[in-house]
Amino acid sequence: DAGVTQSPTHLIKTRGQQVTLRCSPKSGHDTVSWYQQALGQGPQFIFQYYEEEERQRGNFPDRFSGHQFPNYSSELNVNALLLGDSALYLCASRGGREGGSEQFFGPGTRLTVL
Amino acid sequence: AQSVTQPDIHITVSEGASLELRCNYSYGATPYLFWYVQSPGQGLQLLLKYFSGDTLVQGIKGFEAEFKRSQSSFNLRKPSVHWSDAAEYFCAVGDNAGNMLTFGGGTRLMVKP
């Protein structure tokens, strides 16, 4: 079992550009969440996808958008990048949205905005 | 709104000594509580979780945590720390189904030989 995988590992962009990050959930998982972890801070919830729809959203602007595909993989898109978007972006997956199931995290994508 | 506070940013303990990492949470109902560990360059690994039932929960790697509703706390403990335990530790509270996790700022643990 490969667990949660994310690509790319690292990414460097300039202000104003757009970026797409990808996540493949753990086998058997159908729910994907995205988190942003700035340097020296705890992760912050961006949004969660289930059945190809955004189900919950944290306090992030509309520049952050996502998508979930029929195979449960997911993309995080960030438009009009700002310096403050530099962070580690973590993807987490779980089986369903009911209480009690564990979220498994991927290794993250390190985004640097110059 | 739910929130988590980890009062200790850095903690240094000697190998073999006991460890307690503090976590205080704010949540209106019965919380879903978690402790995660993050090693450099790694994602988050779940150490243990509390949903209901026994307030003392056992986790992996010899860790345990105790839920105290009256103190809104969920402190992580380990009786004897190993050098490999050096890492960043995060406490988190989940919404009513554990979907949206709110994390504390983390505690960086250093282990002296």
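Every chain is numbered from 1, with letters handed out A, B, ... down the list of sequences.
Only the side chain of B/Gln38 has a heavy atom closer than 4.5 Å to any heavy atom of chain A. Heavy atoms of A/Phe47 lying under 4.5 Å from chain B are absent altogether. If you measure heavy-atom distances from A/Gln37 to chain B, the contacts under 4.5 Å come from the side chain alone.
Within a 6.0 Å radius of CZ in A/Arg57, more than 12 heavy atoms belonging to other residues, nucleotides or ligands are found. Few gaps surround CG on A/Asn71; more than 12 heavy atoms of other groups in view lie less than 6.0 Å from it. Shown here is B/Ile9, whose CD1 atom has no more than 12 heavy atoms of other residues, nucleotides or ligands within 6.0 Å. Atom CZ of B/Phe103 has more than 12 neighbouring heavy atoms from other residues, nucleotides or ligands inside a 6.0 Å radius. In the displayed structure, A/Leu39 atom CG is contacted under 6.0 Å by at most 12 heavy atoms of other residues, nucleotides or ligands.
For the atom pair A/Glu102 CD and B/Lys49 NZ, the distance stands at 5.5 Å (nearest 0.5 Å). Going from atom CG of B/Leu101 over to atom OH of A/Tyr35 covers 3.5 Å, rounded to the nearest 0.5 Å.
Residues B/Leu76 and B/Ile60 are members of one and the same hydrophobic cluster, defined by side-chain heavy-atom contacts under 4.5 angstrom among Ile, Leu, Val, Met, Phe, Trp and Tyr.
Most heavy-atom pairs under 4.5 Å with chain B, from the set A/Phe105, A/Phe45, A/Phe104: that is A/Phe105. Put simply, of A/Gly58, A/Pro43, A/Gly42, A/Ser33, the one with the most heavy-atom pairs under 4.5 Å next to chain B is A/Pro43.
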